[in-house]
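In this chain, numbering begins with 1 at the start of the sequence shown. Indexing begins at 1, ligand by ligand and atom by atom, following the structure's order.
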Amino acid sequence: MREIVLDEIDSTNSYAKNNIGELADKTVIHAMRQSSGRGRLNRIWLDLGLGNLFLSFVLKPSGTYKKVYANLTQYLCVCLSKVLEKYGVTSQIKWPNDVLVNDKKIAGILSEAIVSKSSLKGIVLGIGVNLNASKADLDKVKERHATSLNLEVNKSIDLNVFKKELLEEFFLDYDKFISQGFSLIESYYLSHNCFLHKNLQVQMFDKIETGYADRVNSDGELVLVKDKKELVITIGDIL
Ligand code: BTN
């Protein structure tokens, strides 16, 4: 693993994408501040100040795209949930990769595949974790209720210690995950889920689907049931 630490950047994902040709497999880009953080579905990811985590993994598992790469966000959210356990915090996973604590979002994950001339140049897997945010800062997050680890455990969090724990957890089983896929994390993922067996609204880019969350299939996709028909959702956001 290699690491690049930056004082400030627009977005660690953008930095990784813009430099993908020069960056080796398993390089981590960590920025102390992020001025234009990006989220899923064209949302923004706010910088809530020094002491919060903004990090992107540059991954180059192969030159062609494999389905398992889409599950990396789920792998990373399981890694994060395991690290939170070390702080005495139990989290819930909301499909596909939201990690919630007491029903509030504590982190965001954004994966981007960089393809050029039909070959895969790399995958940029970005994560932002609220580690040391104030209640007032969290109120600036408009989309949904948010929390931060310091507020859950009532003490400030050492950013570098947390980062080290997350990187260790991620690289521990990363190679195994690439070869084995979602089944490696399935039991942990499902035992921490907070979305199954409920009626849900799921936003895809331009439309919203509703249905009963029946199961997560062996590829990590969400299976909704509506009017006795199954709808398999690969990309979306539970509202
Ligand atoms: C989301 O929940 O919508 C995903 C948010 C992802 C934010 C992280 S912060 C580090 C990396 N750089 C970015 O611009 N975005 C990701």
According to a 4.5 Å side-chain heavy-atom criterion applied to Ile, Leu, Val, Met, Phe, Trp and Tyr, with indirect links allowed, do [X] and [Y] form part of one hydrophobic cluster?
X      : Y      : answer
Leu80  : Phe171 : yes
Tyr188 : Trp95  : yes
Leu6   : Leu53  : no

**Study point:** Candidate pair Val89 and Leu149, rule side chain to side chain contact (heavy atoms under 4.5 Å, CB included), full reasoning
**Key:** CA-CA 8 Å; Val89 169; Leu149 186 52; 3.8 Å; yes

Which ligand 1 atoms, with their elements, are less than 4.0 angstrom from a heavy-atom of [X]?
X      : result
Gly37  : 14 (O)
Leu55  : 10 (C)
Gly128 : 8 (C), 9 (S)
Gly39  : 1 (C), 3 (O), 4 (C), 5 (C)

Protein contact to [atom] [nearest heavy atom, distance to 0.1 Å]:
atom                    : result
atom 5 (C) of ligand 1  : Trp45 CE3, 3.5 Å
atom 2 (O) of ligand 1  : Lys105 NZ, 2.6 Å
atom 9 (S) of ligand 1  : Gln34 NE2, 3.4 Å
atom 1 (C) of ligand 1  : Arg40 N, 3.6 Å
atom 15 (N) of ligand 1 : Arg38 O, 2.7 Å

Exercise for review: Please state which part of Ile127 comes within less than 4.0 Å of ligand 1, counting heavy atoms only: side chain, backbone, both or neither.
Suggested key: backbone

**Study point:** Shortest non-hydrogen separation from Pro96 to Gln74 and the atoms involved
**Key:** O-CG, 3.2 Å

Check your understanding: CG of Leu190 to CD1 of Ile185: how many Å apart, nearest 0.5 Å?
Key -> 9.0 Å

Practice item. Would you please indicate if the ring centroids of Phe182 and Phe177 are separated by under 6.0 Å? Key: no

Exercise for review: Report yes if Thr12 has an N/O atom closer than 3.5 Å to an N/O atom of ligand 1; otherwise report no.
Suggested key: yes

**Study point:** Nitrogen or oxygen atoms of Arg43 and ligand 1 under 3.5 Å apart
**Key:** no

**Study point:** Other residues, nucleotides, ligands: >12 heavy atoms within 6.0 Å of Lys104 NZ
**Key:** no

